[in-house]
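First the structure, in the form of structure tokens, and then the observations on it.
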Amino acid sequence: MIRDEIRILVKQALTNAQAAGDIPQFAAPEVTIEHPQRAEHGDFSANLPLRIQGLAKMKAIEVAEALRNHVPNHTAISEITVAPPGFLNLYLDPNWVTDQIATIIDSGSDYAATQRFAGQRAQIEYVSANPTGPVHVGNGRGAAIGSTLANVMRSAGYEIAEEYYVNDAGTQVSIFGRTLYARYQQLFGRDVDIPENGYPGEYMISIAKAVKEAHGDTFLRSENEGADPEFAQIGIGIQIENIRNDLKLMGVEYDEWFSERSLMTENGSYDAIIRLLRDQNFVAERDGAVWFTSTEVGESKDNVLIRSDGAPTYYATDIAYHYDKFIIRNFDRVIDIWGADHQGHVSRVKAGVTAVGGEPNKLDILLYQLVTLKRQGKVVILSKRAGEIITLRDLIDEVGADATRFFFLSPSANQAMDFDLDLATKQSDENPVYYVQYAHARIAGIIAKAREEGKSSDSANASLLSHEAEQTLIRKLLQLPEVLETVVDDLAPHHLAHYAQELAQAFHTFYTQCRVINDDESLTKARLLLLEAARVVLARTLTLMGISTPDRM
RNA sequence: GCCCCCGUAGCUCAGUGGACAGAGCAGCGGACUUCUAAUCCGCCGGUCGGAGGUUCGAAUCCUUCCGGGGGUGCCA
């Protein structure tokens, strides 16, 4: 990308200036190139002179002058200026800019893809909500972040496995099973109550009905007997299918639904990590429970692996799961995306991973802050225990999948988020996602009309595109590679949502100021060419976000 | 108590070492005989929570205080 080329030019300028004796010798720091806020400061700027003025024992402005004289020629750069207190400002050549349109169109749906991480396998685990109930709104945020990050990382060359960890073992599942069995018995006329800490939601009745439909009274036992152990798993299976369908509404589909139970059966990772921890004397028995003495590896406290009732904790199976990710499947990189309510779990999972032979620096745990729903300015309480919960499916029904994803994607992950249902529904015309999609629809409309009129971009002369709005739009198109790099390096997909709005804005401004189909045949051709490039980049941006690209609205 | 996240325009948020701090919404004023007005243009709006410090330069880094959220289970 052009920013990288400019970075090399500036670095070379320093080397040249030092070789020429205009700047003293010293080791060059990392060169950073940025976009100045103000257009009169150029397309790119380097603050290197300010950074090295101390090393050079020169005034920054003099360093800048010396550097400017030694920047190698490059077809993309038409002018370099020095600005106080010591910036080097670089201006793109308008003809080089218009030449890039063809490159963008040629790349098509691969535009801004790179091979930066080619050959590396990364696993991204996200949502992983308990299969004991519906996915709620907060899980939707994880879904939007995770699937977008997966898309963008794939475009950077990673081979990505998207995965949902199914907590189909443990305490919550047995409570689920007991609740479901009570509902199941009720369907056969028995007067039983759901357990005290059970799941009161209506959906449990639906699952019970589904079991009854598929299996009849097969699972009905005598009154004072508990349910068949398999019964809960059948219910869990049904609920997983519901979750899969709900997430699919948002365009989220996984490569793997990984069963927690399997770790303790055919997978074997659970036994493996217990053995590994024992072999290293990281295990102690206290109060009838088995503990990981994680204080020995720097944790603030020890953690239980096996409860006094013999059941493994979530923590133990999570270590086993990560053992599977790192040791069995040997991923080069693992990214877990969790809600901030799991924040206390981060450090001890890393400690566990380290203790069983994984490399904690290959594990990134991306936390997103919690989502609160607001309706009529009031917070809607979200709880599986409360009678009325708003599920992800409800939200998508109300708001639509595209707006849901865009809303979840817009704020940075570590910003707590209010999802204003009134804004997202009643005032949906003002929703930014429509602004972006409308730009795409407008482009599609013009291209279709041009085709009807027999006009095309064949043998267009792009250098005619000298209008300020045209140049601004093309320069914005050229920024997508930079945005994607930031998204991957910072694990911050929200930048894509902001870029999408900036891109749409550049287009709408162009649309207003520059009529595409006009009396000047060669200008029409050139602008149609620009439209094709804009469509490529806009579609690419929306597709990476998992948002549709309507041709009309 | 301790740990994590946040505090930027009336509201929702970008910006996390650079130039005069930005956008959307809201408010005010303009622009449709034109390829979609779900649009565009202009105006208004800020002690970047407070105070110290580091730096040529701080919304950004450090310290401390205040305020909001989350965590601190033999739940997940």
Side-chain angles (χ1 to χ4, degrees), chain A residues 32 34 36-38 40-41 45-47 50-51 53-54 59-60 83-87 89 128-130 132 165 167 169-173 175 197 260 286-291 300-301 303-315 317-318 338-347 367-370 372 377 407 410-418 420 423 427-439 441-450 452-453 455 490 494-495 497-498 501-502 504-505 507-518 524 527-528 531 552-553:
Chain A
T32 57
E34 57 188 20
Q37 286 183 9
R38 307 174 74 81
E40 66 257 36
H41 291 144
S45 74
N47 61 11
L50 292 154
R51 304 255 310 279
Q53 57 183 321
K59 285 182 180 172
F87 289 100
N89 293 330
S128 301
N130 263 342
T132 53
Y165 181 49
N167 299 120
T171 314
Q172 295 306 318
V173 170
I175 295 170
N197 294 317
E260 179 185 4
R286 286 200 293 269
D287 309 322
V290 176
W291 297 70
S300 58
K301 60 192 188 77
N303 293 99
V304 172
L305 293 169
I306 306 174
R307 292 194 288 258
S308 50
D309 66 2
T313 59
Y314 168 76
Y315 179 48
T317 52
D318 222 11
W338 298 347
D341 53 339
H342 288 61
Q343 165 256 120
H345 198 51
V346 171
S347 156
L367 297 176
Y368 59 89
Q369 297 297 312
L370 300 184
T372 49
F407 262 67
S410 291
S412 83
N414 45 21
Q415 180 77 239
M417 164 180 190
D418 283 336
D420 188 332
L423 185 78
Q427 302 178 22
S428 61
D429 286 1
E430 289 150 16
N431 193 311
V433 69
Y434 295 111
Y435 179 80
V436 178
Q437 288 181 316
Y438 185 49
R442 272 183 153 175
I443 292 170
I446 300 169
I447 289 175
K449 184 177 161 72
E452 277 171 31
E453 296 181 8
K455 296 178 175 171
D490 297 352
H494 73 280
H495 292 296
H498 288 271
Q501 290 180 84
E502 289 172 9
Q505 182 181 47
F507 168 75
H508 286 307
T509 297
F510 157 79
Y511 175 92
T512 307
Q513 296 186 15
C514 303
R515 191 173 169 79
V516 175
I517 300 172
N518 60 69
T524 299
R527 285 180 174 166
L528 282 171
L531 277 194
R552 60 181 55 198
M553 288 174 71

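A, B, ... follow the sequence lines: proteins, then strands. Residue 1 opens every chain.
Of the possible polar contacts, none joining the A:Thr313 side chain to the A:Ile306 backbone as a donor-acceptor pair under 3.5 Å is found. With hydrogens and angles ignored, the 3.5 Å screen pairs a side-chain donor or acceptor of A:Gln53 with a backbone N or O of A:Leu50. Remark: side-chain polar atoms of A:Asp309 are paired, donor with acceptor, to backbone N or O of A:Ala311 under 3.5 angstrom. Under a 3.5 Å cut-off, the side chain of A:Ser308 and the backbone N or O of A:Gly288 do not form any donor-acceptor pair.
Nucleotides B:A9 and B:G46 have their P atoms positioned 10 Å apart, rounded to a whole Å. Here the separation of B:U12 from B:G7, taken at their P atoms, is 12 Å to the nearest Å. B:A51 and B:A58: their C1' atoms are spaced 15 Å apart (whole Å). Taking the C1' atoms as reference points, B:U47 lies 13 Å from B:A59, given to the whole Å. B:C40 and B:A26 have their P atoms separated by 12 Å, given to the nearest Å.
Of the candidate nucleotides B:A38, B:U39, B:G69, B:A38 has the atom nearest to the side chain of A:Tyr434.
Glycosidic conformation at B:C13 (O4'-C1'-N9-C4 for purines, O4'-C1'-N1-C2 for pyrimidines): anti, more than 90° from 0.
One interatomic measurement links the two molecules: CD of A:Glu34 to P of B:G18, which rounds to 6 Å at whole-angstrom precision. For the pair A:Tyr511 OH and B:C40 C1', the interatomic distance rounds to 11 Å; values are reported in whole Å.
By the 5.5 Å and 30° criteria, A:Phe87 is not stacked with the base of B:G18.
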Legend entry - Paired and unpaired positions of RNA chain B as dot-bracket, Watson-Crick or G-U wobble under 3.5 Å, | denoting a partner strand: ((((((((.[[[[.)..(...]]]].(((((.......))))).....[[[[[..)....]]]]])))))))....
Contact list (N/O, under 3.5 angstrom) for nucleotides 20-23 of chain B vs protein:
from  : atom 1 : to      : atom 2 : distance (Å)
B:C20 : N3     : A:Arg38 : NH1    : 3.4
B:C20 : N3     : A:Arg38 : NH2    : 2.7
B:C20 : N4     : A:Arg38 : NE     : 3.3
B:C20 : N4     : A:Arg38 : NH2    : 3.2
B:G22 : OP1    : A:Gln37 : OE1    : 3.4

